Amino acid sequence: MPFELSAEHETFRKVVREFARAEIAPHAAQWDLDHHFPVGVVRAMGELGLFGLTAPEEYGGSGGDLTSLCVAIEEIGRVDQSLGITLEAAVGLGINPILNYGTDEQKQRWLPDLTAGRALAGFGLTEPGSGSDAGATSTRAVLDGDEWAIDGAKQFITNSGSDLTSCVTITARTGTTDAGEPEISAIIVPAGTPGFTVEPAYHKLGWHASDTHPLTFTGARVPADHLLGARGKGFAQFLATLDDGRIAIAALAVGCIQAMLEASVAYANERTAFGVPIGRKQGVAFQIADLHVMAESARLLTYRAASLRDAGAASAAVKQAASVAKLQATEFAVTSTRIATQVHGGYGFMEEYPVARFYRDAKILEIGEGTSEVQRLLIARGLGLPVE
Amino acid sequence: MKIVALVKHVPDAAADRTFNEADHTTDRTNVDGILSELDEYAVEAALKIAESGDAEVVALTMGPDAALDAVKRALQMGADSGAHVADDALHGSDAVATSAVLAAAIQKIGDVDLILTGMASTDGGMSVVPAMLAERLGLAHVGFVGELNVEAGSVRARRDADVTETVEAALPAIVSVTDQINEPRYPSFKGIMAAKKKPVETWSLADLGVDAGTVGLAAAWTTVETVTKRPERTQGEIVTDEGDGGAKLVEFLAGQKFV
């Protein structure tokens with residue numbers, strides 16, 4: 001079975017690489033140090049069409065496939081994981097829920113700015129007391145006349161408090177089902193809504209240049225027509241958008257591994273010890289060979305999952321491939337940063353070298369958009385095991 | 001309005017550029033080629049004019065098969081169509097021959113109102129082709145333009161040469177632009193996909209009616225006799241200031257014949 005990207009995808013990869021090298025790479029270390037979300041370059045990514053890659057042309061998108069988005073995320077993530085996640089979340093969590101479940105009016109209102117990168121949207125699912133366990137959602141929205149009144153708190157919400165953020169879609173309990181379960185619905189909350197407070201940004205281990213905030217809602221009121229999708233379907237809708245997100249996170253991990261490979265090859269050729277480049281030492285060279293194997297295998301799994309999705313394969317096959325890619329690529333990413341730091345020796349512990357930044361950035365890949373444990377659970381279930 | 005943007009395919013300056021051993025011409029096969037960065041400004045200038053009015057942009061190149069990539073890049077950026085002059089006899093052509101071939105190609109495109117070029121190529125770097133083209137086509141030529149406005153039947157351009165001056169020229173005209181004129185766009189994914197369907201003509205010398213004996217290495221007015229590799233960079237000299245830093249710097253500069 002031949003497996004390679006189309007000529008257009010490869011051309012696109014070169015362009016994004018060029019962009020990342022010129023516009024992002026020279027500043028990535030400083031943005032990380034300053035915890036600075038670079039609005040200007042995010043807008044430039046928008047002009048390049050990255051945010052609208054997979055949206056239809058009628059909403060300002062390019063009508064591209066998931067593979068093209070993965071290419072973009074990999075190449076941006078190869079120089080800056082913070083901007084990689086900014087792109088991934090802006091599409092997967094910001095644009096896609098509105099695109100997939102929004103009414104025509106909602107799409108017309110929000111999407112053109114989001115696909116152009118003039119605006120960003122966040123998705124608020126996680127709460128202080130609930131992550132993967134979305135049934136424990138405690139944020140409440142009560143229909144009062146023709147408005148939802150929202151009270152509660154969300155946390156770890158990407159792209160939720162930047163200068164570009166136009167809205168955040170949140171999940172909230174809107175009642176109780178006939179079976180006595182919480183009824184979870186999704187509601188779009190425009191930035192600046194009274195009672196919707198964006199709390200100060202987190203102090204994170206990594207992804208310093210990405211925008212992540214806790215959000216609080218105190219009697220925040222939005223019109224009834226801001227309900228996104230069907231009432232009571234909020235959680236199911238969210239789960240359905242996660243498959244694409246897993247493949248995209250895997251692409252971000254591939255970018256990380258590739259960066260570690262390239263940094264390590266360069267360093268091992270240039271750094272000498274005992275009069276020879278350290279790459280002459282098998283102890284170093286073999287570790288870097290392993291990095292190459294990790295990059296290649298993670299990339300194959302990721303783009304195979306994306307191509308299954310793009311080819312319209314059966315949902316179960318896509319889900320399984322997405323979980324496999326996310327699990328393997330992100331675990332390789334963490335391992336690759338550990339190896340690359342080791343290859344760099346003491347310098348790998350210094351912020352002057354990008355490997356230190358990637359070392360801090362990588363860990364979250366095993367956690368966000370479904371932890372490694374959740375992926376293993378899904379994979380095991382996909383195999384027909386009665387795992388709980 | 002029809003605009004031709006000249007796009008040259010050059011060896012990537014970021015890579016290790018070399019010459020062919022046999023005839024000392026630029027090695028265009030063993031190095032990654034790109035659209036000359038300075039020509040990207042010409043393409044962008046053409047696209048800006050097209051976007052603000054009603055204009056068609058044709059990207060024209062001359063070079064071996066790989067030179068088609070320069071045309072493709074221009075199409076991905078947004079040009080409407082492309083033309084590629086390719087002929088084995090062109091190998092080693094100098095600027096004089098290049099201008100003759102491009103002039104013939106521009107005449108074949110026909111009804112051209114404005115020709116835009118970069119201020120130089122990033123490989124040869126001679127900056128003479130635009131003026132030669134103007135001479136051959138009998139058009140006005142404005143070189144080193146940092147700001148350009150198209151008005152009815154004419155262009156108004158700020159020329160940044162030894163002095164800065166604003167000049168007007170009647171169309172059709174040929175204008176070379178500097179890297180100050182704009183910020184060239186990157187091709188978008190949409191642009192890359194759209195470029196697949198855009199028409200590109202490929203012409204031989206015979207198609208253009210140019211005699212193969214007047215072009216190529218044998219007809220060139222200049223030849224490269226020898227090629228020497230640039231010496232490896234050596235470590236710089238550090239002057240420690242012990243109260244006589246200024247004198248030592250002058251001594252160094254005088255020793256290198258800089259002053």
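Just so you know, these numbers come straight off a predicted model, no measurement behind them. Residue numbers begin at 1 in each chain, while the letters A, B, ... track the order of the sequences.
To the nearest 0.5 angstrom, Ile34(B) atom CD1 is 10.5 Å from Lys14(A) atom NZ.
Counting heavy-atom pairs closer than 4.5 Å to chain B, the top-ranked of the candidates Gly64(A), Ser68(A), Gly49(A) is Ser68(A).
Between Lys190(B) and Glu47(A) there is no salt bridge, since none of the side-chain N atoms of the basic residue sits less than 4.0 Å from a carboxylate O of the acidic one.
Heavy-atom contacts from other residues, nucleotides or ligands closer than 6.0 Å to CD of Glu51(B) number more than 12. For Tyr347(A), the OH atom is loosely surrounded, since the number of other residues' heavy atoms within 6.0 Å does not exceed 12. Applying the 6.0 Å contact sphere to CG of Asp32(B) captures no more than 12 heavy atoms from other residues, nucleotides or ligands. Summarising the local packing, CZ of Arg13(A) is surrounded by more than 12 heavy atoms from other residues, nucleotides or ligands at distances under 6.0 Å.
Residue Pro187(B) comes nearest to Leu48(A) through the heavy atom pair O-CD1, 3.3 Å, listed as atom of the first residue, atom of the second, then distance.
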query = Would Glu23(A) and Tyr186(B) satisfy side chain to side chain contact (heavy atoms under 4.5 Å, CB included), going step by step from the backbone distance to the final call?
reply = CA-CA 11 Å; Glu23(A) 316 289 338; Tyr186(B) 293 91; 2.8 Å; yes
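For a residue to count as touching a neighbouring chain, one of its non-hydrogen atoms must lie under 4.5 Å from one of that chain's; by this rule Lys196(B) touches chain A with the side chain only. At a 4.5 Å heavy-atom cutoff, the contact between Arg73(B) and chain A is made by side-chain atoms alone.
Ring-plane geometry between His9(A) and Phe189(B) is classed as parallel, the angle between the planes falling under 30 degrees on a 0 to 90 degree scale with a further cut at 60.
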